[in-house]
*Asks:* 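Right, I'll just put the structure down here and ask away after.
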There are 2 protein chains.
Amino acid sequence: MKRRSTLADIAAAAGVSLMTVSRAINSKPGVSDELRQSILALVEEMGYRPNQIARGLATHQTNSVGLIVPDNTNPFFAQIARGVEDGAYAREYSVFLVNTVENPTRELDALGSLWEKEVDGLIWCSARVALEELEFQLRRFPAVVLLNRELENPLSHVMTLNVHDVRGARMAVSHLLGQGCRHIAYLNGPLHSLSAQRRLQGYQSALTEAGLSVDPLLEQCCLPDTASGYDATLVLLNRRPDVDAILAFNDLVAVGAMQACQALGRSVPETVRIIGFDDIPLATIIEPQLTTLHVDLQHIGELAMQALLDIMEGVACPSAMLIEPELFVRDSA
Amino acid sequence: MKRRSTLADIAAAAGVSLMTVSRAINSKPGVSDELRQSILALVEEMGYRPNQIARGLATHQTNSVGLIVPDNTNPFFAQIARGVEDGAYAREYSVFLVNTVENPTRELDALGSLWEKEVDGLIWCSARVALEELEFQLRRFPAVVLLNRELENPLSHVMTLNVHDVRGARMAVSHLLGQGCRHIAYLNGPLHSLSAQRRLQGYQSALTEAGLSVDPLLEQCCLPDTASGYDATLVLLNRRPDVDAILAFNDLVAVGAMQACQALGRSVPETVRIIGFDDIPLATIIEPQLTTLHVDLQHIGELAMQALLDIMEGVACPSAMLIEPELFVRDSA
DNA sequence: ATAACTAACGTTAGCGCTAACTTGTCCGAA
DNA sequence: TTCGGACAAGTTAGCGCTAACGTTAGTTAT
């Protein structure tokens, strides 16, 4: 690996000062067009690329952002990450990806490490830290977009971006009610998850408004993956065999529920209707195809990155965004 | 966002010189235990964290690595990325994630940007650039692990990590032959993909060794996703209705094939047996569960990171690693 | 012709840290 | 007593870049 050429090398080769090269490279005024061209030619020829570390030290701008997700393997976050990365690429930013694995210690480590690296901004999904810690962390970064978490007192350099879970869950329940279901169960996600709480709330309020009672026996918690959805469904259907519809916390859980129904000989959608949440690619792959609340996750990622850049550049920007999910009716309900 | 405290702040507060604080923080000799303790206490109290940008400029080490993948949304790469990130976290490195989207321009941009950021190492999946360009790029980085690409002349700072595709494909074909199949088709991935070529080679050689002829009409190319697998299977089965088994380039394609068979009323595995490759989580979710060549992708990611660190630290390290896939026989074959 | 500008460059200092040298102090050996 | 060595510090220079001035020459206004 041969030594990188530096501004000084270019300056020497061109017979000008460092600053002239710097100005030429950064398209700043103070260099004649002719000279600029010949410097850029030299830059090309010598394969020079500015050292972003040195530039970062001088300007306190690193052109990099951090992205914290629970698990990049989960299609939900994979799609978001993809959107974020696309948005970053378009604006010549780089993305540090960090998984928290639902582990608060690792989450704090991630934040510390991103802060040490002086990222210009942070996209933080499903923050699990306590409120006080959250506010402390937010204060450390120049710009933050919080996904899947709300903030009662807005901060000028922070935007929250949430899916309208309450409305989504209500739409799902309405749809099931419209199909004649009267024993609608809800497979909830982890209780610490904000979206789980909101979806539960939407589920319950929709039932109440329809004049149905909320029955705790129809609610079952599980981890947000297929295997847990399967197990939880077995428990649920054993407890309440009269269930005629299941709203699942997300698509992975819904798929687990579908498999459990099949294992129990209960056909979907004939005897049990199932609705998921998120519309991950899997939803259209399984049979029957999953009716679910569609959210354009990749677009959310791009929106998040866009908003982050706006904050960083001081562009006016809402303090919160709410994304409306859309019910995609397919075969499972 | 209040100003970060610097070494100088700590030094002033402790009444010692910069270097003493630096030594204390970096566990270097030259500081008495007593003083070290009191400095560390101050560091804690003042919330000091070393500025990695400044440190990077001084030491030419950034404690960050680059990870280039075609698409982090693809479960194959998502798993690998997860392994890489886990390995990096364990050693206090950060990971820049970049998608190439199978776009050579974006791939080069990614390399340039990572180089500008002075990453200490690079994990590069499925490099699509031409040989000459590849060698040029490899020379620019201090350490590289190449996934899914080979190198005829090994470089001391580069390791290649490949799945033994040829053997995997042969195992699959052997299994199908053992089940009595005689018209085994192969849904190949993109021709530019090295693993596609190798799997094709394994497929053909296994047929030849079994005394069967290689029939180009049994080979069909497609993109490595479910939709393309579906379309390709329709084309294939239309052309050769006598096909009794399909080896797919990967699991996504296999799932597409399975759906196409179902759409055509051809039951799996009774009339068509299907084998995939990679064993992504989806393989056990769909019905019938997919027989596939299992590869522990997350572990590969960890291995890659481990090897990269070894190279960076000058630890002896093989110039190539070959991972053996394992046939997981499930329901589809 | 002279002051007042301005475009096109150069010089200096410093971002926060570390490598490498220098200084000072204490202690034991000759 | 003196000297050398070991240890615990401090001092200096520099990583590669940019912000903020300085300088020079050419141009315009009066």
Side-chain angles (χ1 to χ4, degrees), chain A residues 1-40 42-43 46-64 113 115-120 140 142, chain B residues 1-40 42-43 46-64 113 115-120 140 142:
Chain A
M1 204 186 60
K2 69 168 191 289
R3 198 181 70 84
R4 310 168 62 113
S5 42
T6 70
L7 265 194
D9 297 331
I10 308 288
V16 298
S17 80
L18 276 179
M19 274 315 290
T20 304
V21 181
S22 173
R23 281 189 269 253
I25 286 172
N26 296 306
S27 315
K28 293 201 173 166
V31 195
S32 68
D33 274 357
E34 194 185 3
L35 182 53
R36 186 189 301 273
Q37 290 310 322
S38 69
I39 288 176
L40 291 181
L42 255 179
V43 163
M46 299 175 67
Y48 171 80
R49 283 289 203 104
N51 182 326
Q52 297 286 359
I53 298 296
R55 184 178 277 179
L57 184 58
T59 61
H60 297 285
Q61 276 227 126
T62 55
N63 267 48
S64 61
S113 142
W115 191 61
E116 284 186 350
K117 296 228 157 67
E118 286 211 299
V119 292
D120 298 333
R140 301 214 293 178
Chain B
M1 203 186 63
K2 68 170 192 288
R3 198 181 69 85
R4 311 168 61 113
S5 43
T6 69
L7 266 194
D9 297 330
I10 308 288
V16 298
S17 79
L18 277 179
M19 274 315 291
T20 304
V21 181
S22 172
R23 279 189 272 253
I25 287 172
N26 296 306
S27 315
K28 293 201 171 164
V31 195
S32 68
D33 272 357
E34 194 184 4
L35 182 54
R36 186 188 302 273
Q37 290 310 322
S38 70
I39 289 177
L40 291 181
L42 257 178
V43 163
M46 299 175 65
Y48 171 79
R49 284 290 202 103
N51 181 326
Q52 297 287 359
I53 298 296
R55 186 179 274 179
L57 184 58
T59 61
H60 296 286
Q61 276 226 126
T62 55
N63 267 50
S64 62
S113 142
W115 191 60
E116 285 186 351
K117 297 228 157 66
E118 286 213 298
V119 292
D120 297 334
R140 301 214 293 177

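Computation of the quantities below employed the complete heavy-atom set of this structure, encompassing side-chain atoms and omitting hydrogens, waters and symmetry-equivalent molecules. In what follows, chains are A, B, ... by sequence order, proteins preceding strands, each numbered from 1.
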*Asks:* Has the side chain of B:Arg36 got a donor or acceptor atom that lies under 3.5 Å from a matching backbone atom of B:Lys28?
*Replies:* yes
*Asks:* Are the side chains of A:Ile10 and A:Ile25 in touch, meaning some heavy atoms are under 4.5 Å apart?
*Replies:* no
*Asks:* Pick the nucleotide of DNA chain C nearest each of B:Arg4 and A:Leu18; which residue has the one closer to the 5' end?
*Replies:* A:Leu18
*Asks:* Is any side-chain heavy atom of A:Leu7 closer than 4.5 Å to a side-chain heavy atom of A:Tyr48?
*Replies:* yes
*Asks:* How about A:Arg23 and A:Leu18: do any of their side-chain heavy atoms sit closer than 4.5 Å?
*Replies:* no
*Asks:* Counting C-beta onward and ignoring hydrogens, is there a side-chain heavy-atom pair between B:Ser64 and B:Lys117 closer than 4.5 Å?
*Replies:* no
*Asks:* Atom CD in B:Glu34, atom CD1 in B:Ile39: separation rounded to 0.5 Å?
*Replies:* 11.0 Å
*Asks:* Mind checking which nucleotides bracket the chain B contacts on DNA chain C, 5' to 3', with an atom under 4.0 Å from a heavy atom?
*Replies:* C:dG16 to C:dA20
*Asks:* State which residues pass side chain to side chain donor-acceptor pair (under 3.5 Å) with A:Ser113; sequence neighbours excluded, sorted by chain then number.
*Replies:* B:Ser94
*Asks:* Quick check on the helix from C:dA1-D:dT30 to C:dA30-D:dT1: what's the angle between its two end axes, five base pairs per end, to the nearest 10°?
*Replies:* 50°
*Asks:* Would a distance-only check, ignoring hydrogens and angles, find a side-chain to backbone donor-acceptor pair under 3.5 Å from A:Thr20 to A:Val16?
*Replies:* no
*Asks:* Using every non-hydrogen atom in the two residues, find where B:Ala24 and B:Leu40 come nearest and quote the distance to one decimal.
*Replies:* O-CD2, 4.1 Å
*Asks:* So which one's nearest nucleotide on DNA chain D is more toward 5', B:Ala54 or B:Arg23?
*Replies:* B:Arg23
*Asks:* Counting only non-hydrogen atoms, which of residues 25-36 of chain A are less than 4.0 Å from DNA chain D?
*Replies:* A:Asn26, A:Lys28
*Asks:* Taking all heavy atoms of A:Ile53 and all of A:Asn51, pick out the closest pair and write down the distance.
*Replies:* N-OD1, 2.8 Å
*Asks:* Taking A:Thr62 for the side chain and A:Gly56 for the main chain, is one N or O donor matched with an acceptor at less than 3.5 Å?
*Replies:* no
*Asks:* What is the nucleic acid contact for A:Ser17, judged by heavy atoms within less than 4.0 Å: base, sugar-phosphate only, or nothing?
*Replies:* base
*Asks:* What residues, two or more places apart in sequence or in another chain, satisfy side chain to side chain donor-acceptor pair (under 3.5 Å) together with A:Asn63?
*Replies:* none
*Asks:* Can a salt bridge be assigned to the pair B:Asp9 and B:Arg4 using a cut-off of 4.0 Å between side-chain N and carboxylate O?
*Replies:* no
*Asks:* Where along residues 57-64 of chain A does a heavy atom come under 4.0 Å from DNA chain D, residue by residue in number order?
*Replies:* A:Ala58, A:Thr59
